[in-house]
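Chain letters run A, B, ... following the sequence lines, proteins first and then strands; every chain starts at 1.
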Amino acid sequence: MNNPDHNHKFSLTTPLYYVNDVPHIGSAYTTIVADALARFQRLQGKSVLLITGTDEHGQKIQRTAAEQNLVPQVHCDRIVDSFKSLWDKLDIKYDRFSRTTAPKHQQIVNEFFDRVWQQDDIYLDRQQGWYCVSCEEFKEERELIANHHCAIHTNKQAEWRDEENYFFRLSKYQQQLEKLYESQPDFIQPPSRRNEVLNFVQQGLKDFSISRVNLDWGFPVPEDPKHTIYVWFDALLGYVTALLEPDQEPTLDHALSQWWPINLHLIGKDILRFHAVYWPAMLASAGLPYPKRVFGHGFLTKDGLKMGKTLGNTIDPSKLVDRYGADAVRYYFLKEIELGKDGDFNETRFINVLNNDLADVLGNSLNRSLGMLKKYCQSTVPQLTSADYSLDHPLKSIGWDLGDRVSQAYENLQISHACEAVLTLVRAVNKYIDDSAPWKLFKQEQQAEVEQILYAVLESVRLSAYLLSPVIPVTSSKIYQQLGFDWDFNRDQLAQIEEFQLHSKWGKLSPNKTLGKANPVFSKLELPSED
RNA sequence: GUCAGAGUAGCUCAGUUGGUUAGAGCAUCGGACUCAUAAGCCGAGGGUCGGGAGUUCAAGUCUCCCCUCUGACACCA
């Protein structure tokens with residue numbers, strides 16, 4: 001907590017995705033958001049740990065593997081490969097990929113389980129009820145629809161179970177949790193989600209079972225190996241295991257020494273309760289500090305409809321990247337969808353937004369400016385600095401505090417606002433060029449004025465590319481390179497604080513540098529004709 | 001059923017403590033220009049701000065009722 005390094009470190013997680021199937025668009029969405037946030041923190045010179053990974057235990061996995069005549073681990077390995085390959089395609093730069101089947105994870109789980117056990121927070125009790133394997137949850141009779149089918153997995157029938165399970169004394173932590181929500185008001189975000197949790201907790205917490213019998217695929221309960229630790233209990237601890245250095249001996253102390261507590265758990269709204277209620281209670285029992293915040297984002301729809309296999313309207317994230325590229329997919333989800341709200345994917349809108357924002361507005365502003373620099377200044381950046389412009393200059397007036405405003409937006413997880421703020425500058429660039437018409441001034445031999453305009457324009461494009469680099473690293477890199485910087489936002493991510501302070505301010509563009517030929521940085525997309 | 005959030009131009013959304021002709025981006029149409037990825041710039045059309053009633057000099061903005069959507073919780077079967 002009082003670690004002096006604290007402000008220089010930032011740890012965040014995506015969920016550990018369930019390996020029931022290849023990654024779907026929702027997992028891609030969360031991970032893209034997490035990556036952009038991580039990139040922004042790195043840009044500021046902070047040490048960042050971005051954790052993602054997979055949750056691989058449970059009956060559902062065991063059965064899915066069996067259906068394909070695979071042993072569970074082989075099935076998991078295959079799915080894990082598909083996750084990793086998608087993250088690569090999307091330019092996701094994760095620091096840890098935490099798998100719950102990793103041997104070191106079992107040691108962490110055992111140690112943690114033992115701590116909770118020592119607290120007398122685990123007890124054996126009989127549990128009867130309907131169990132949805134797809135949810136890996138016991139359901140109340142009333143939660144089920146006709147014929148005991150699960151309300152979420154409507155094609156799956158819940159199974160009657162009557163078994164002895166170990167229970168976690170969640171009820172004991174009711175007050176502590178309420179105190180947590182009160183003393184850390186932004187622990188759960190956005191506020192609407194927070195209210196839901198508050199509502200739920202106020203009604204009284206019930207203990208929940210954390211073990212299953214008749215299940216092999218998982219870790220045995222240390223004190224009673226006939227039982228297998230419940231998949232969620234195991235999965236959440238994957239965040240802790242992820243904190244271990246690669247060669248470190250897997251103990252809780254080691255895991256928690258550097259990066260705990262996690263600054264941000266980024267999750268979908270469907271798993272809010274596990275992260276906002278069960279997880280902090282488990283941590284409290286083990287005597288560990290709480291994470292700083294849990295953010296539950298919204299869901300994606302397609303053309304206004306819920307996506308689902310039954311409707312057959314799912315989006316394959318892998319195909320989407322193959323067709324349009326990582327920057328395009330990233331930009332759409334980060335800019336066009338307000339984090340926290342549900343958002344819609346519509347392919348025509350997707351094309352329109354990208355072609356306008358990235359090709360016509362951002363890309364073309366660079367292209368036309370470099371064209372003029374070549375014709376009017378022999379491609380040499382004019383000998384000017386920020387000091388040569390007054391604060392009411394059309395571009396400097398927007399650019400001078402843009403870095404601060406955009407930083408604030410990223411900090412608040414308002415990536416969409418950050419993009420919008422940058423776009424305002426780029427749109428102003430295009431307007432400024434037309435208003436000042438350098439081509440006329442050049443014909444009138446007003447060279448100084450032309451240079452004054454071009455420097456301001458190029459610098460504004462530079463600043464925009466820099467501030468958008470967490471969102472569109474490929475495009476930003478191309479812009480930076482054409483502006484004479486030897487920099488690749490995908491490769492070089494170890495920034496210094498001083499660098500950020502320079503590059504995030506208007507006026508960093510180095511004068512006198514001779515720039516190369518302009519090349520479109522973002523090619524226009526086309527709707528697929530017919531498949 | 002209870003609670004929370006939402007319903008503003010074709011689409012995605014902004015709209016401060018109620019106050020001049022309700023805004024932006026995209027899409028559509030028209031115009032002038034040429035440095036540019038036929039991009040950009042200028043302009044136009046397009047909204048009874050979910051519906052109704054009320055408070056007020058004045059309501060997208062406050063109150064009440066209703067409708068629709070989303071979510072959480074509960075109940076019934």
Side-chain angles (χ1 to χ4, degrees), chain A residues 140-148 151-152 188 190-206 268-273 276-277 296-301 303-306 332-333 335-338 340-377 379 394 414 416-417 419-424 426-443 450 453-454 457-458 461 475 478-479 482 517-526:
Chain A
E140 302 288 328
E141 176 103 31
R142 59 165 197 275
E143 290 180 276
L144 300 171
I145 57 178
N147 295 324
H148 296 108
I152 297 167
I188 305 165
S192 54
R193 300 277 158 236
R194 178 173 188 266
N195 287 338
E196 285 174 19
V197 173
L198 255 44
N199 232 320
F200 172 75
V201 173
Q202 267 166 14
Q203 296 180 2
L205 294 172
K206 288 197 288 189
K269 62 186 183 183
D270 52 330
I271 51 176
L272 183 64
R273 194 180 298 172
V277 182
H297 67 67
F299 279 174
L300 300 173
T301 56
D303 304 320
L305 298 172
K306 274 186 185 173
Y332 183 85
F333 286 126
K335 152 83 180 354
E336 282 301 294
I337 292 166
E338 185 93 17
K341 293 182 183 169
D342 287 353
D344 190 53
F345 179 87
N346 172 277
E347 200 152 2
T348 301
R349 189 173 138 217
F350 178 92
I351 302 276
N352 282 340
V353 164
L354 286 155
N355 286 349
N356 277 281
D357 288 3
L358 297 192
D360 297 345
V361 174
L362 179 63
N364 192 47
S365 68
L366 174 71
N367 208 46
R368 63 195 301 211
S369 308
L370 282 178
M372 286 187 279
L373 190 75
K374 185 180 178 190
K375 283 192 182 176
Y376 308 148
C377 306
S379 290
Q414 297 169 315
S416 166
H417 292 191
C419 294
E420 198 54 62
V422 175
L423 258 285
T424 303
V426 192
R427 290 198 188 98
V429 163
N430 281 317
K431 180 172 168 54
Y432 177 63
I433 293 174
D434 280 69
D435 287 351
S436 48
W439 47 93
K440 281 185 189 161
L441 297 173
F442 181 72
K443 284 175 191 155
V450 170
I453 293 161
L454 289 184
V457 161
L458 288 166
V461 175
T475 305
K478 287 182 186 167
I479 294 174
Q482 290 188 33
K517 190 169 173 288
N519 248 319
V521 294
F522 186 90
S523 303
K524 289 210 181 186
L525 308 177
E526 285 177 24

(request) Could you check whether F522(A) gets within reach of a base, just the sugar-phosphate, or nothing at all, counting any heavy atom under 4.0 Å? (result) base

(request) Might you work through the salt bridge (Lys or Arg N to Asp or Glu O under 4.0 Å) test for R368(A) and D434(A), ending with a clear yes or no? (result) CA-CA 11 Å; R368(A) 63 195 301 211; D434(A) 280 69; 3.0 Å; yes

(request) Could you say whether G343(A) or Y376(A) is positioned toward the 5' end of RNA chain B, judged by the nucleotide with the nearest heavy atom to each? (result) G343(A)

(message) Measure CD1/I433(A) against P/C42(B) and give the value in whole Å, please.
(response) 13 Å

(request) Write down the distance separating the P atoms in A24(B) and C41(B), rounded off to the nearest Å. (result) 14 Å

(message) Is there a side-chain contact between K524(A) and the phosphate of A39(B), meaning an N or O under 4.0 Å from OP1 or OP2?
(response) yes

(message) What's the gap between A44(B) and G5(B) when it is taken at their P atoms, as a whole Å value?
(response) 38 Å

(request) Could you work out the separation of G60(B) and U48(B) based on their C1' atoms and round it to a whole Å? (result) 12 Å

(message) I'd like to check the side chain to side chain contact (heavy atoms under 4.5 Å, CB included) partners of D270(A); sequence neighbours left out, ordered by chain and number.
(response) F299(A)

Between the protein and nucleotides 2-9 of chain B, list the N/O to N/O atom pairs that are separated by less than 3.5 angstrom.
none

(request) Check whether any side-chain nitrogen or oxygen of K306(A) sits under 4.0 Å from OP1 or OP2 of G71(B), and answer yes or no. (result) yes

(message) Would you measure the distance from the C1' atom in G45(B) across to the matching atom in G18(B) and give it in whole Å?
(response) 30 Å

(message) Measuring only the C1' atom in each nucleotide, how far is U61(B) from U17(B)? A whole number of Å is fine.
(response) 10 Å

(request) Mind running a 4.0 Å heavy-atom check of residues 361-370 of chain A against RNA chain B and sending the residues that fall below it, in number order? (result) G363(A), N364(A), N367(A), R368(A)

(message) Going by ring pair (Phe, Tyr, Trp, His ring centres under 6.0 Å), name the pairs with one or both residues in residues 345-374 of chain A, residues two or more places apart or in two chains.
(response) Y324(A)-F350(A), Y332(A)-F345(A), Y332(A)-F350(A), F345(A)-F350(A)

(request) Mind running a 4.0 Å heavy-atom check of residues 351-358 of chain A against RNA chain B and sending the residues that fall below it, in number order? (result) N352(A), N356(A)

(request) With the side chain of K443(A) defined as its heavy atoms from C-beta on, choose the nearest nucleotide among C35(B), A74(B), C41(B). (result) C35(B)

(message) Measuring only the C1' atom in each nucleotide, how far is A72(B) from U63(B)? A whole number of Å is fine.
(response) 27 Å

(request) For E336(A) and for K375(A), locate the closest nucleotide of RNA chain B by heavy-atom distance; then report the residue assigned to the nucleotide nearer the 5' terminus. (result) E336(A)

(request) Considering only atom P, compute the distance from G46(B) to A6(B) and round it to an integer number of Å. (result) 30 Å

(message) Output the pairing pattern of RNA chain B as a dot-bracket string, 5' first, Watson-Crick or G-U wobble with both distances under 3.5 Å, | for cross-strand pairs, [ ] for crossing pairs.
(response) (((((((..((((.....[...)))).((((.........)))).....(((((..]....))))))))))))....

